[in-house]
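What you see below is based on every heavy atom in this structure, not just the backbone, and it leaves out hydrogens, waters and symmetry mates.
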Amino acid sequence: MPISQQGTVNTTSLIVPDLYVQIVPPQNLVLNGVPTNIVGVVGTASWGPVDQPAIVATMADYAKSFGPLMPRKYDMGTQVATAVQQGAQNFRCVRVTDGTDTAAYSAVPGCNASFAAIYSGSLGNSITITLGIGSQPNTWKLSVLLPGFEPEVYDGLTGNGAAFWTGLAAAVNTGQGPQRGPSLLIVASAGGTTASPAAFSLKLGSTSAGADGATGVGSAQLIGADLSSRTGMYALRGQGCGLALLADCDDATTWSTQAGFGLQEGIYMILTTPAGDTITNAVATKAEAGLDSYSAKLMFGDWLWWSDQVNLIVRLVSPQGFAAGRLANLSPEQSSLNKPLYGIVASQSSGMPGSGQTSTYSSADLGVLLAAGVDVICNPQPGGTYWGVRGGHNTSSNPAIDGDDYTRLTNYIAETLAAGMGQYVGQVINSNLFTQIRSTQLSFLNNMLSQGLLGSTDGSVPFSVICDTSNNPSSRTGLGYVQSDAQIQYQAINERFIVNVEGGQTVQVARQTLPSGQVS
């Protein structure tokens, strides 16, 4: 009684009389949508791996991976913090440097043994390393301390001379078993030391201080290189980001490059013009840069005053994190228009906190910006006196595709199909394959419809999928081609709400008389 998977046995050539059981897989592949809330952030930091994406969910995660927020331009943590305040909680962070970053380093007094921070950056200068008496007789204990991190303790170190220092280095670098793994803060070197162990306490960086390598960072480092070892923005390839930003990158020469990357990866890139920009200059700069793409959202350089709770100051920051964080916390069919933003104290145009200056954008100002494909964060909003994104537009000049919703919903559908439909490649082309392809897509679109991501004003089904002989003639299928054509109608965003009111003493009011028991 053989049991096999369907398709692994030629059932037209069986000879032995027997029962043959075939496992038939489900005929309809079910598609589950890809995440749309992942935000890629590229910038500087005082700790952590360089040009390697790291997963961050909270500010506590960020601090452990990249250190504290730094009150400087291009700081990655600042953008993560402002996005977190809008509800974002799924990041891929890439640290960049100018190449001058160094790891904190210290030699042990009186011998050649040494320790270095596992990552470059100034945070390593705060690491304290202490060697003292162990918990068992005739043993030593090494403690590694960094504020905000779990203490690392290597107890039961034994031996003398070179054997001791070799064992200490092995304990730090490879761990002491399941209970005490390798250090996440430092690396140790025995250095060929033969001296007897002696108690010490040292601050890492006393021999050579750690440096962030942030001073010379600019747009070139943030963009990076798309080589075999990707750097900067290109390190976000394949990370599943729905949104991404290069922290404080206000260099217009990078905009088209960022937009192109967004098109390739299905990422909505959040850009910004320089702090203190003027409307006229922003519009002219965008036109000169040739930026006209649904894959990018350009925020006007009216930067925002934000209360930095880590450094205890109110400082000026880019609007990118606020916009990206709000979009990440919205379903992809939604627009950032008229959605409250949190944590904003003031903006450059509204006046520095305590200045007594207050100003708002006129309809003419907003008309010029939005017509040019430049969005802005301001207060008030159509819904009230709160901070929010005023347009909800990308940089495209095509009104059919210039909304946040078009970019994010299109990317969501495309990425989901790319992630799931590949299983049909290699299958035999016949009517059954056509049916499976069509039913898989229809099932996914029906799920979107039931959850409100799709809809129509008249209640009709807003999509269709064709995959049959009408679009797959034998002249094409004979060459191994199969084509599926889907049409999907998105829901529009209410941007211009007109309420007509007719009032006056001569107005004749028409009233509808309803059957008894119905409320008018």
Side-chain angles (χ1 to χ4, degrees), residues 79 82-83 85-86 245 248-250 252 255 268-289 291-292 294 296-307 314-327 330 334-397 399 402-405 407 493-499:
Q79 299 303 317
T82 57
Q85 285 187 308
Q86 316 315 314
L245 62 93
D248 301 336
C249 184
D250 52 16
W255 291 350
Y268 197 13
M269 301 298 296
I270 311 300
L271 321 179
T272 183
T273 71
D277 203 1
T278 65
I279 293 176
T280 302
N281 184 69
V283 171
T285 302
K286 178 180 179 293
E288 184 179 351
L291 180 63
D292 190 329
Y294 74 80
K297 183 180 185 68
L298 180 60
M299 303 304 300
F300 179 51
D302 184 6
W303 286 29
L304 306 168
W305 292 102
W306 174 70
S307 181
V314 175
R315 60 190 180 97
L316 202 61
V317 300
S318 157
Q320 294 166 283
F322 294 94
R326 195 66 185 92
L327 285 166
L330 290 172
Q334 299 288 334
S335 167
S336 60
L337 169 63
N338 201 26
K339 307 298 190 301
L341 296 176
Y342 307 99
I344 300 174
V345 176
S347 71
Q348 287 180 294
S349 68
S350 69
M352 184 175 179
S355 66
Q357 173 189 348
T358 57
S359 63
T360 59
Y361 287 94
S362 67
S363 294
D365 291 335
L366 294 173
V368 171
L369 282 171
L370 299 181
V374 182
D375 217 329
V376 63
I377 291 175
C378 62
N379 182 3
Q381 293 287 305
T385 54
Y386 50 81
W387 292 92
V389 178
R390 196 61 180 83
H393 289 176
N394 56 50
T395 61
S396 175
S397 60
D402 70 351
D404 293 332
D405 54 304
T407 305
I493 301 297
N494 182 7
E495 295 185 0
R496 302 161 188 90
F497 184 22
I498 301 172
V499 179

I'd like to check the side chain to side chain donor-acceptor pair (under 3.5 Å) partners of S336; sequence neighbours left out, ordered by chain and number.
D404
Those residues that, when tested against D292, pass side chain to side chain contact (heavy atoms under 4.5 Å, CB included) (two or more places apart):
S396, S397
Exercise: identify the closest heavy-atom pair between A296 and N394:
O-CB, 3.3 Å
Measure across L304 and S347 and return the closest heavy-atom pair with its distance rounded to 0.1 Å.
CD2-CB, 3.7 Å
Listed by chain and number, what are the side chain to side chain donor-acceptor pair (under 3.5 Å) partners of T273, not counting sequence neighbours?
D277
Do L271 and L291 touch side chain to side chain, with heavy atoms closer than 4.5 Å?
yes
Separation between OG1 of T407 and NE2 of H393, rounded to the nearest 0.5 Å
10.5 Å
Considering residues at least two apart in sequence or located in another chain, which fulfil the ring-ring contact (aromatic ring centres under 6.0 Å, His included) criterion with Y294?
Y406
Can you list, pair by pair, the side-chain donor-acceptor contacts under 3.5 Å of residues 339-346, counting residues two or more places apart and other chains?
unit_1: K339; atom_1: NZ; unit_2: S335; atom_2: O; d: 2.7
unit_1: K339; atom_1: NZ; unit_2: L337; atom_2: O; d: 3.1

So the salt bridge (charged side-chain N to carboxylate O under 4.0 Å, His left out) pairs with at least one residue in residues 359-371 (sequence neighbours excluded) are none
Would you confirm whether K286, through its side chain, and G373, through its main-chain N or O, come within 3.5 Å as a donor-acceptor pair?
no
By side chain to side chain contact (heavy atoms under 4.5 Å, CB included), T385 pairs with (sequence neighbours left out) N379, P380
When rounded to the nearest 0.5 Å, the distance separating OH of Y361 from CD1 of I377 is 10.0 Å
Sequence neighbours left out, what passes salt bridge (charged side-chain N to carboxylate O under 4.0 Å, His left out) with D402? Give chain and number order.
none
Looking at T285 and A282, would you say the former's side chain and the latter's main chain have a donor-acceptor pair under 3.5 Å?
no
Under the rule for salt bridge (charged side-chain N to carboxylate O under 4.0 Å, His left out), what residues qualify as partners of D405, not counting sequence neighbours?
none
Can you pull the salt bridge (charged side-chain N to carboxylate O under 4.0 Å, His left out) pairs that have at least one residue in residues 374-390, sequence neighbours excluded?
K297-D375
Sub-4.5 Å side-chain heavy-atom contact between W303 and P319
yes
Which residues satisfy the side chain to side chain donor-acceptor pair (under 3.5 Å) test with Q86, sequence neighbours excluded?
none
Check whether the side chains of T278 and T280 place a donor and an acceptor atom closer than 3.5 Å, and report yes or no.
no
Apply salt bridge (charged side-chain N to carboxylate O under 4.0 Å, His left out) to D248 and list each qualifying residue two or more places apart in sequence or on a separate chain.
none
Shortest non-hydrogen contact from A252 toward A289:
O-CB, 3.9 Å
Apply side-chain contact (heavy atoms from CB on, under 4.5 Å) to Q85 and W306, showing your working.
CA-CA 11 Å; Q85 285 187 308; W306 174 70; 2.7 Å; yes
Side chains of C378 and F300, heavy atoms from C-beta outward: is any pair under 4.5 Å?
no
